[in-house]
Structure formats: C-alpha cells, structure tokens
Amino acid sequence: STQSTWEVLRRAFLVYSEQGTETITVQNLRTLLKRFTSLNDKVDDAIRSIDIDNDGHITFNELCKYFEACLSEHVDHHHEIHELWKLFSGGKEEIRADEMHTILKELGCQFTLSDILNLMMEVDQNGDGSIDKEEFEVMLNKYNSSK
C-alpha cells in the first residue's frame, strides 16, 4: 500500500540522515543517488529539484514532494505506451525487430538485434516476427519488471 511505501521510505531516510537532525546533506544524497539510481549526470538536477529551500539539507518532506512530483508525471501509463508505440511504429499496425533495433540505436540504446528478437519472441503471439501495440506493451512491462 501507499502508506507502507512512505513508511519504508521514512525509515530508509532516517538511516541516512544526520544524527539528531532528520535531514540528509546534499552531499550524502548525491552519493546515494549516484550509487543506487541510474540518474548519473542528472543527479545535480534532481538535487536542485529536491532541495526546495536550497539550504544544502534535504528534509523528509522535501524528498516526499519530489517523489510525489515524479509519480504524478508517470500516472498515465497507457498514454506513455501509446506515445512510445507511435514513435516506434510510425503509425503502422506492427513493427519488426530490425525496425525497433534501428530506432533504439538512433536513441543511443545498446540493445543488439538478438536482444530485441529475444524480447519480441516472448510476446509475439502469432509468431510472425512482428509485434502489435498490445504485444509491445506486454514486452515493455516484462522488460521493466526484469530490471
């Protein structure tokens, strides 16, 4: 449940907070974000968004506001899938692995054609070597849950 998620986040926050202050320094948060997220070069942008009062210390409230903003950006999962499908399919009903590979390469992703074929084979229900929008969504959900 959402309540238990916030409770877990609060406990984790307190583990990394400065003793007796219930805040995390920006430097400690930077270290944690670099170690445990894929933000990499976006860590400083995230910290600027989190440290609302720009005092160099992150309160639990500031961290929660940041996470709530991130979550609200991802509320409409089906709309995102639809937009991704439009990008990959170019308006067609189906997409082949080689087409997806070309687009992913252009976006800087490191998937091989073999990787994409393997992902697509898991969801290609009629075995024609192409996937439709529904299969595309299943594939994305499988990939995201395996990360």
Side-chain angles (χ1 to χ4, degrees), residues 1-123 131-147:
S1 76
T2 303
Q3 184 63 28
S4 65
T5 301
W6 292 116
E7 289 168 8
V8 168
L9 182 59
R10 174 92 175 136
R11 285 195 300 273
F13 180 87
L14 291 174
V15 166
Y16 292 101
S17 66
E18 293 182 287
Q19 193 156 357
T21 67
E22 293 197 20
T23 64
I24 297 177
T25 65
V26 166
Q27 187 55 45
N28 286 348
L29 183 61
R30 182 177 287 111
T31 300
L32 290 170
L33 290 175
K34 285 184 177 184
R35 184 176 300 154
F36 296 111
T37 71
S38 60
L39 289 172
N40 298 326
D41 59 338
K42 296 181 181 124
V43 165
D44 289 327
D45 291 338
I47 288 174
R48 277 192 289 281
S49 297
I50 297 168
D51 190 12
I52 297 166
D53 59 8
N54 202 26
D55 67 353
H57 292 82
I58 308 300
T59 65
F60 184 67
N61 189 42
E62 286 174 319
L63 192 62
C64 287
K65 285 182 180 179
Y66 175 75
F67 284 130
E68 286 171 350
C70 289
L71 291 172
S72 70
E73 289 175 13
H74 299 289
V75 166
D76 193 356
H77 178 70
H78 290 290
H79 178 73
E80 288 179 16
I81 298 286
H82 178 74
E83 292 303 312
L84 280 172
W85 174 251
K86 285 190 337 189
L87 169 73
F88 280 95
S89 70
K92 297 184 303 188
E93 294 293 314
E94 294 187 327
I95 184 169
R96 295 184 324 265
D98 62 320
E99 295 169 321
M100 186 175 294
H101 181 250
T102 300
I103 293 167
L104 287 170
K105 272 181 60 176
E106 289 172 5
L107 294 173
C109 296
Q110 301 299 314
F111 289 101
T112 66
L113 182 55
S114 177
D115 293 334
I116 295 166
L117 284 166
N118 288 334
L119 283 169
M120 288 177 67
M121 281 192 314
E122 291 180 33
V123 298
I131 58 172
D132 61 23
K133 185 177 175 183
E134 289 75 28
E135 293 166 332
F136 180 75
E137 184 170 359
V138 170
M139 183 183 75
L140 289 179
N141 289 332
K142 277 185 174 217
Y143 175 74
N144 283 332
S145 67
S146 70
K147 285 173 58 173

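Given the structure is predicted, the values throughout are model-derived calculations rather than measurements.
- Ion pairing of K92 with E99 is present here, as a side-chain N (NZ or NE/NH1/NH2) and a carboxylate O approach within less than 4.0 Å.
- Side-chain contact between M100 and M139 is present, with heavy atoms from C-beta onward closer than 4.5 Å.
- Looking only at side-chain heavy atoms (C-beta outward), M120 and R96 stay at 4.5 Å or farther from each other.
- Side-chain contact annotation: S114 with T112, donor-acceptor N/O pair under 3.5 Å absent.
- Atom CG in L84 sits 10.5 Å away from atom NE2 in H82 (nearest 0.5 Å).
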Please lay out, stage by stage, how W85 and I95 fare under the test side-chain contact (heavy atoms from CB on, under 4.5 Å).
-> CA-CA 9 Å; W85 174 251; I95 184 169; 3.6 Å; yes
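- Atom CG of N54 sits about 11.5 Å away from atom CD1 of I47, to the nearest 0.5 Å.
- To the nearest 0.5 Å, atoms OG1 (T59) and CG (D53) are separated by 7.0 Å.
- Inter-residue side-chain proximity for F88 and L104 is flagged as met; some heavy-atom pair is nearer than 4.5 Å.
- Between K42 and D45, no side-chain nitrogen of the basic residue sits less than 4.0 Å from a carboxylate oxygen of the acidic one, so the salt-bridge criterion is not met.
- Considering only heavy atoms from C-beta on, F136 comes within 4.5 Å of L140 through its side chain.
- For the pair I58/T23, no side-chain contact is recorded, criterion being any heavy-atom separation below 4.5 Å from C-beta on.
- Taken to the nearest 0.5 Å, the CG atom of N61 stands 7.0 Å off from the CD1 atom of I52.
- Here the straight-line distance linking atom CZ of R30 with atom CD1 of I24 works out to 13.0 Å at 0.5 Å rounding.
- Taking the charged nitrogens against the carboxylate oxygens, E62 and K65 have no contact shorter than 4.0 Å, which rules out a salt bridge.
- Note that the CD atom of Q27 and the OG1 atom of T25 stand 6.5 Å from one another [nearest 0.5 Å].
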